[in-house]
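Inspection log for the structure reproduced underneath, given as structure tokens.
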Amino acid sequence: MPECVKTMSQAEREIHLMTAQQQTTQTQVVNRAKELLADGTVARVLGWKAGELPYAPQPAYFEKEEDLEEFVYNGFCGANLSKYMIEASKLDGKTLVCLKPCDTYSFRQLMKEHRVDREKAYIIGVGCKGKLDIEKIKAQGIKGIQSIQGAERTDDADTLTIQTLYGERTCAYADVMLERCHVCKGKEHMIFDELIGESRDTKDRDRFAQVKEIEAMTPGERFAFFQKELSRCIRCNACRNVCPACSCRKCVFDSSQFDSAQKANADPFEEKMFHIIRAFHVAGRCTDCGECSRVCPQGIPLHLFNRKFIKDINEFYGEYQAGADLEPRGPLTSYVFEDVEPGIVAERG
Amino acid sequence: MQRVGVFVCHCGSNIAATVDVKKVAEMALMEPGVVHAEDYQYMCSEAGQARIQEAIREKQLTGIVVCSCSPRMHETTFRTAAQRAGLNPYMVEIANIREHCSWIHKDMEEATKKAVLLMRAAVAKVNLNTPLRPGESRVTKRALVIGGGIAGIQTALDIADAGYEVDIVEKTPSIGGRMSQLDKTFPTLDCSACILTPKMVEANAHERITIYTYSEVEKVTGFVGDFTVDIRKKARSVDMNKCTGCGVCQEKCPSKKTPSEFNRGLSTRSAIYTPFAQAIPNVPVIDREHCIKFQTGKCGVCAKVCQAGAIDYEQKDEIITQKYGAIVVATGFDMIRLDDYDEYAYSQSKDVVTSLELERIMNAAGPTKGHLERLSDGKAPKEIVFIQCVGSRCADNRGKSYCSKICCMYTAKHAMLIRDKYPDVNVTVFYIDVRTPGKNFDEFYRRAVEEYGVNYIKGQVGKVIPQPDGRLLVQGVDLIDNRQILKEADMVVLAAAIEPDPDVRKIATMLTASIDTNNFLTEAHAKLRPVESPTAGIFLSGVCQGPKDIPETVSQAGAAAVKAIGLLAKDKLLTNPCTAHSDELLCNGCSQCANVCPYGAISYEDRQVNDHGIREVRRIAVVNDALCQGCGACTVTCPSGAMDLQGFSNRQILAEVDALCR
Amino acid sequence: MYKIAKKDLPALFRRIAAGKELYLPLENGGQVNFGVWDEGGSVSLDTLKTVKSPKDAFFPQSETLYTCRRDGKNLSVDPEALQEQEFVLFGVKACDVRGFEILDQVFLADPVDTFYEARRAHATIVSLACHEPEETCFCNVFDIDCAAPAGDVASWSIGETLYWKPLTQKGEALTEAVKDLLAQAQEEPVESEKNSIRAIVEKLPYSHLSLEGWGGGALEEAFDSPLWEELYKPCLACGTCTFVCPTCQCYDIKDYDTGHGVQRYRCWDSCMYSDFTMMAHGNNRTSQMQRFRQRFMHKLVYFPANNDGIYSCVGCGRCVEKCPSALHIVKVIKTFAEASKSKHTGGEQP
Amino acid sequence: MSIEAKEEFRPKIVAFCCNWCSYAGADLAGSSRLSYPADVKIIRVPCSCRVNPMFILRAFEKGADGVIICGCHPGDCHYTTGNFYARRRMTLLFSMLDFIGVESGRTRVEWVSAAEGVKFSATMNEFVEKIRSLGKNVRLEDLRCQNV
């Protein structure tokens with residue numbers, strides 16, 4: 001159940017919403033953030049600011065009202081800011097953080113693990129209508145991008161118009177959404193202080209379709225599939241460092257605990273080791289936010305590892321969504337007497 | 001770098017016949033850190049140990065590996081030997097080249113190769129060992145006995161006589177347990193009450209025994225030597241200090257329709273009651289569920305008639321929190337429910353009774369004042385059939401797989417008593433086997449057959465069919481004559497299986513004591529530690545551990561007391577040093593480890609840390625050494641590897657893996 | 001000037017690969033990286049930027065230096081052999097060619113890195129002009145002309161034809177070996193292609209990036225700048241920027257226990273990592289701000305200070321594309337340049 | 001002995017046994033002289049819940065062909081709950097290994113009590129047979145560990 005800390009009265013909120021109706025989510029957030037900075041409720045704002053390129057807004061802190069002029073919120077704001085709240089929780093005062101519906105699962109999971117401080121966060125649940133994947137846009141042969149219109153999706157604008165050095169191009173919004181948006185967890189925010197902007201459930205695919213496809217392959221084919229995908233891994237650790245579940249102060253792969261401090265794939269074994277263990281460590285904690293796949297410079301579908309675990313957990317131990325509740329025990333820290341035996345893996349064939 | 005010594009044992013020819021022990025010693029010298037290696041006929045012998053000690057001193061060894069039998073056999077021996085030579089006992093590793101090698105392999109070359117690998121793994125591990133020192137914890141000189149039957153009473157008396165305070169917690173209003181319900185006891189036929197009551201009185205009068213009746217254990221925390229227990233003293237509604245035990249309240253109580261637990265429901269009792277005349281304490285309780293005052297608010301007769309003014313309707317449950325050094329479980333047993341045995345017509349006929357019900361019928365204080373009569377019509381029975389093993393030794397899921405052990409003897413007792421008092425009554429016993437191991441037991445059984453003419457038929461009863469005339473038709477087989485038997489009987493007595501008191505599961509969970517599939521508490525070792533639970537500081541007394549008769553129960557009760565006394569006699573306990581530890585620089589404080597800790601040994605604290613110059617307050621997991629038993633569940637739950645287990649550290653196990661895969 | 005029809009490129013590749021190892025941009029799972037070509041390899045010369053730069057060819061992400069073998073208590077040490085096989089790197093862009101020159105400054109300076117040197121000596125580089133530069137490119141800021149790449153052979157992909165021009169002796173030798181597959185060509189189409197490329201470059205958003213405030217002389221001012229504290233914040237401390245970079249040259253040396261000995265290998269390291277240059281006492285950069293600053297100070301201040309003003313950035317824009325937080329060198333260059341400008345024009349101190 | 005027989009594939013098998021049940025079960029197999037192939041080497045751990053997936057992957061990395069984890073029967077854990085957690089962890093890990101194409105027969109969990117010497121020996125015989133039929137582990141090995 002979403003946790004809503006009411007900081008505005010219902011009436012106040014309605015008025016707020018009415019006056020804001022014509023405004024974009026971005027403007028509303030900026031206005032509200034300015035108010036909250038001004039009245040001292042929050043010490044800073046964690047959101048996105050316009051980056052160097054039209055499709056690359058940057059996660060950013062804003063401490064002054066005037067800085068908020070740079071604040072941006074559009075379809076390219078895919079970054080899940082909940083992980084930044086680990087550090088922000090150590091700062092003095094509250095941090096206003098903008099979380100999309102799926103980001104709130106991560107925040108709740110981090111709360112459960114005592115990694116973020118709820119008291120240090122003022123959560124604006126921002127609406128989300130699906131986020132964009134620049135790699136998919138570029139995969140359509142669109143290059144030399146100068147500007148993009150339509151990144152703020154509305155009900156009557158579902159097309160991106162892109163000005164490039166090589167002419168104008170268009171593409172359908174839904175065709176260039178991030179993979180995770182096609183398996184959207186829904187438009188509900190799991191936790192927030194207030195909500196701004198509308199959301200849309202963009203789910204149009206079976207979340208486990210690809211996992212099932214791979215499961216249907218022969219072991220040899222599966223091996224070849226992952227060997228090929230993982231062979232591109234450069235061990236940059238972007239997947240790990242962006243992951244809100246990978247919140248260890250020091251990762252086992254950076255420490256001497258298991259002699260596993262490896263930086264490079266000197267052998268194909270190491271990339272398997274890294275990705276299996278990483279997925280295992282977040283199993284039962286991963287909210288399936290999809291950040292790992294979004295940031296992988298080599299386009300490895302890393303979410304497949306997490307989804308496989310999620311699918312198994314759902315099948316073996318009952319439906320489970322990390323971050324959907326605050327129950328301290330997860331699937332790997334609980335059990336029932338009648339649990340399936342590990343032999344089921346071999347039996348399934 | 002360690003200076004490791006490797007000692008290869010021949011174990012006579014047990015190892016040396018299949019493993020080239022000289023080769024193992026020779027190969028050991030090739031291993032990093034190994035500065036000494038030798039083989040010897042019996043390393044565990046005085047002379048063998050002396051060789052180890054000499055090598056430790058002369059070669060300044062910092063760690064040793066003994067290639068010998070299972071560590072479960074001699075790890076302690078070698079640790080102690082090493083300690084005497086000045087080496088930390090945890091710098092000793094055992095390579096099991098007997099049970100895991102020489103005894104299962106025949107080919108010398110192959111077995112030697114494997115022995116070398118096992119030696120290497122142990123060397124690799126010992127190279128990473130660090131000296132461990134057991135911690136100390138204090139011992140509270142007080143014992144708790146859960147259950148006030150004969151087992152609990154005897155244990156409590158023995159502990160108290162040794163000079164320690166003991167508390168007995170009994171859930172019913174009186175101590176005495178099942179034994180108080182029995183009429184006579186085998187094989188001597190002395191009156192149960194006559195031998196039990198003095199014990200009850202003694203316990204009650206003992207200056208070091210406190211009895212909490214009508215009370216239950218609610219919560220247990222802590223660990224061996226230092227348990228903290230919450231005892232719920234249920235509201236008795238009678239002031240124990242004021243009550244004189246005159247019994248008027250029970251007489252005058254208008255609510256008299258409640259089935260008497262003591263008489264197994266064969267008679268009724270009042271709402272304010274003591275279970276039986278000799279109850280200790282002799283103070284009644286008000287059964288609020290059946291009390292008119294509590295149910296309707298109107299009545300209060302007992303308060304009016306009580307001269308002592310002891311009735312207190314306002315009394316509330318009281319929680320007593322007490323510290324104990326040792327806990328003895330003596331929760332006893334009950335008969336199984338017979339719902340699944342409808343073929344014996346137990347629910348259809350009042351004249352089909354269990355043996356415990358028969359005990360009450362035979363007892364002078366029982367529902368029939370000791371007259372043997374049919375409960376249906378009060379007529380004297382002429383023909384009685386006993387059916388053995390009802391729910392015991394059961395192959396299917398209805399009953400218990402085990403033998404209840406006491407039924408053969410009490411049935412012989414019943415048969416004998418009936419034939420003695422009512423010679424005109426025919427007694428037939430259907431049995432699978434008659435089991436009479438025990439002093440004077442078989443003689444007793446033979447007397448029943450030979451002197452008292454009890455008719456024993458080897459065979460099972462398929463069905464008991466109530467007849468229209470009220471008699472019971474028993475269909476059975478005689479396996480010796482191989483024929484069907486149809487027998488009309490006036491009464492049928494079922495020797496129902498006994499099972500641990502159902503509450504024991506709850507108690508075992510609180511105590512983290514292990515329990516088997518039949519709900520019997522598990523002993524630390526079936527043969528060598530039969531009265532200890534694997535959980536330190538928890539001892540087992542009586543039938544909660546397994547079926548047994550009174551003499552066995554009493555001897556086990558004494559044994560449990562001795563074990564508890566042995567613990568209480570110590571001022572300090574050494575704790576297992578192989579415990580988990582959290583590295584404060586790696587810990588995320590995420591609380592995952594506490595979720596899987598079965599001992600509640602992990603807590604969290606905000607601690608100032610200095611992480612290579614970054615000073616900040618972090619939430620850190622802290623392990624209580626005295627509570628941690630070293631299972632390692634937390635170490636795998638911890639993603640960063642902050643949690644590690646001493647003696648079985650990540651790096652040690654990996655070193656073993658590496659050595660074995662080399 | 002020579003030319004070859006693009007449809008005949010497989011024949012060219014086959015010819016080269018017959019005698020030498022041939023590295024080409026190859027597609028695998030939608031991503032293009034340099035790799036050793038074999039029949040069936042999916043070549044993608046049209047890809048402007050491979051994900052990783054081709055520096056692997058000279059400075060692999062991980063390489064064994066020597067192997068120790070243990071036999072009882074005896075150890076033997078076998079150094080890893082140096083590169084002896086000739087190889088061709090085909091399709092390298094101008095920025096990456098400059099990247100090699102920057103690596104040369106590091107690895108070929110005294111003491112020479114023999115592994116790198118041997119690979120350099122055995123390589124022939126066939127560069128390829130950038131037909132359609134993109135918005136993330138800023139090579140011209142570092143005086144690189146992506147219309148006329150350096151290398152041993154330069155090539156241009158125009159329509160259905162690949163133009164080929166040997167630039168060095170090695171280039172001539174390679175040309176000689178494949179000459180029967182090439183035809184003589186006019187300079188004119190290439191010149192016109194160059195012009196068209198340069199015209200696009202002019203329009204690129206970063207083409208006129210100012211390097212004001214940077215360079216060898218800016219050491220103290222840049223190091224102490226309060227701007228770092230603001231800039232680094234979105235940094236996730238991953239190594240993406242360093243691992244896709246053609247000029248990052250830091251490596252770590254590690255041992256791998258093979259069970260029967262030890263393999264000593266080196267692998268790329270990233271100054272963004274918390275254990276970068278970790279020593280027994282700990283790390284001399286304890287915060288991410290310091291690590292972040294190190295990367296840019298190195299590229300834009302320390303390196304030019306030690307290498308005659310040469311920046312160790314070639315403007316390939318890979319980090320601009322790949323940074324998960326959209327935080328990269330352009331952002332850093334701009335922020336400092338703006339601050340520097342406003343300071344010099346009397347503007348407010350940031 | 002013919003050369004062929006000499007070169008018969010001898011797998012490397014690591015067995016993690018919990019101290020209380022399975023290690024004692026292995027001891028019992030030994031004292032009952034119930035043989036199983038020498039390919040199996042046992043590592044003693046306090047409880048099956050001490051087995052970290054990283055240990056298993058490490059064994060494969062270093063050239064193991066099969067890994068088996070033995071613990072007390074569910075409900076009989078010396079530490080009451082350890083094997084329940086081990087069971088979930090191993091189920092998921094094995095499923096993942098299977099997912100990336102590692103033969104599912106290479107990993108196994110078996111509950112062996114201290115009284116089950118016969119079961120221990122039978123299990124090991126069976127497991128070795130299975131690994132022999134699967135052949136050498138090539139999908140999870142680190143090639144650097146090959147002893148050439």
Side-chain angles (χ1 to χ4, degrees), chain A residues 211 214-215 217-227 229-230 252-253 257-260 266-270 272-277 279-281 283-284 304-305 307-313 315-317 330-349, chain D residues 48-49 51-58 60-63 67-71 73-77 80-111 123 127 130 134 137-146:
Chain A
V211 173
I214 296 166
E215 284 171 344
M217 297 179 186
T218 65
E221 288 166 348
R222 291 199 290 267
F223 183 73
F225 174 84
F226 282 105
Q227 188 86 332
E229 290 296 330
L230 292 180
V252 274
F253 288 101
Q257 283 296 304
F258 292 86
D259 296 328
S260 53
D267 185 274
F269 172 80
E270 287 187 356
K272 291 188 201 94
M273 172 85 168
F274 175 76
H275 290 292
I276 292 171
I277 293 298
F280 186 83
H281 281 178
L304 287 176
F305 288 94
R307 293 246 176 102
K308 169 63 178 165
F309 275 138
I310 294 169
K311 180 171 176 282
D312 279 344
I313 286 169
E315 279 172 18
F316 294 147
Y317 313 121
L332 275 166
T333 52
S334 52
Y335 64 88
V336 294
F337 190 86
E338 300 78 11
D339 278 340
V340 289
E341 292 294 330
I344 187 155
V345 175
E347 285 158 23
R348 273 188 322 202
Chain D
S48 51
C49 70
V51 180
N52 194 308
M54 294 187 83
F55 301 163
I56 297 169
L57 292 187
R58 174 73 154 248
F60 284 124
E61 171 187 1
K62 300 285 173 175
V67 177
I68 180 165
I69 292 108
C70 299
H73 285 269
D76 291 349
C77 176
T80 63
T81 52
N83 53 3
F84 290 130
Y85 297 117
R87 186 164 61 173
R88 284 201 170 190
R89 290 168 187 159
M90 294 309 142
T91 305
L92 289 183
L93 178 71
F94 292 1
S95 182
M96 178 57 77
L97 291 177
D98 176 56
F99 187 61
I100 67 154
V102 177
E103 307 88 337
S104 57
R106 292 203 188 275
T107 47
R108 181 165 169 179
V109 165
E110 201 61 57
W111 312 121
T123 301
F127 190 59
K130 176 75 192 174
L134 287 172
N137 154 40
V138 289
R139 294 187 177 168
L140 264 186
E141 191 189 20
D142 193 312
L143 296 174
R144 290 173 293 182
C145 296
Q146 283 181 345

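Chain letters run A, B, ... following the sequence lines, proteins first and then strands; every chain starts at 1.
Heavy-atom pairs under 4.5 Å with chain A were tallied for D/Leu57, D/Leu93, D/Ile100; the largest tally goes to D/Ile100. Ranked by heavy-atom pairs under 4.5 Å with chain D, the list A/Thr218, A/Ile313, A/Ile277, A/Leu230 is led by A/Ile277. Options D/Met90, D/Arg58, D/Arg108 differ in how many heavy-atom pairs under 4.5 Å they form with chain A, and the most are formed by D/Arg58.
For D/Arg106, the side chain to side chain donor-acceptor pair (under 3.5 Å) partners are D/Glu103, not counting sequence neighbours. Considering only residues two or more places apart in sequence or on other chains, A/Phe226 meets the ring pair (Phe, Tyr, Trp, His ring centres under 6.0 Å) condition with A/Phe305, D/Phe99.
A pairwise comparison of heavy atoms in D/Phe84 and D/Thr80 identifies CE1-O, 3.8 Å as the closest pair.
Proximity to chain D (any heavy atom under 4.5 Å) is shown, for A/Glu315, by neither the backbone nor the side chain. With a 4.5 Å cut-off on non-hydrogen atoms, D/Ile69 does not touch chain A at all. A/Phe337 touches chain D through backbone and side chain together, each having a heavy atom under 4.5 Å away. D/Glu110 does not touch chain A: none of its heavy atoms, backbone or side chain, sits under 4.5 Å away. In this structure, the portions of D/Arg88 lying under 4.5 Å from any heavy atom of chain A include both its backbone and its side chain.
For the 3.5 Å distance criterion, the side chains of A/Asp312 and D/Ser95 qualify, holding a donor opposite an acceptor.
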Practice prompt. Carefully, step by step, assess A/Ile344 and A/Phe316 under the rule side chain to side chain contact (heavy atoms under 4.5 Å, CB included).
Written response: CA-CA 10 Å; A/Ile344 187 155; A/Phe316 294 147; 3.9 Å; yes

Worksheet item: Does the pair A/Lys311 and A/Glu215 meet the rule for a salt bridge (Lys or Arg N to Asp or Glu O under 4.0 Å), with working shown?
Response: CA-CA 11 Å; A/Lys311 180 171 176 282; A/Glu215 284 171 344; 2.6 Å; yes

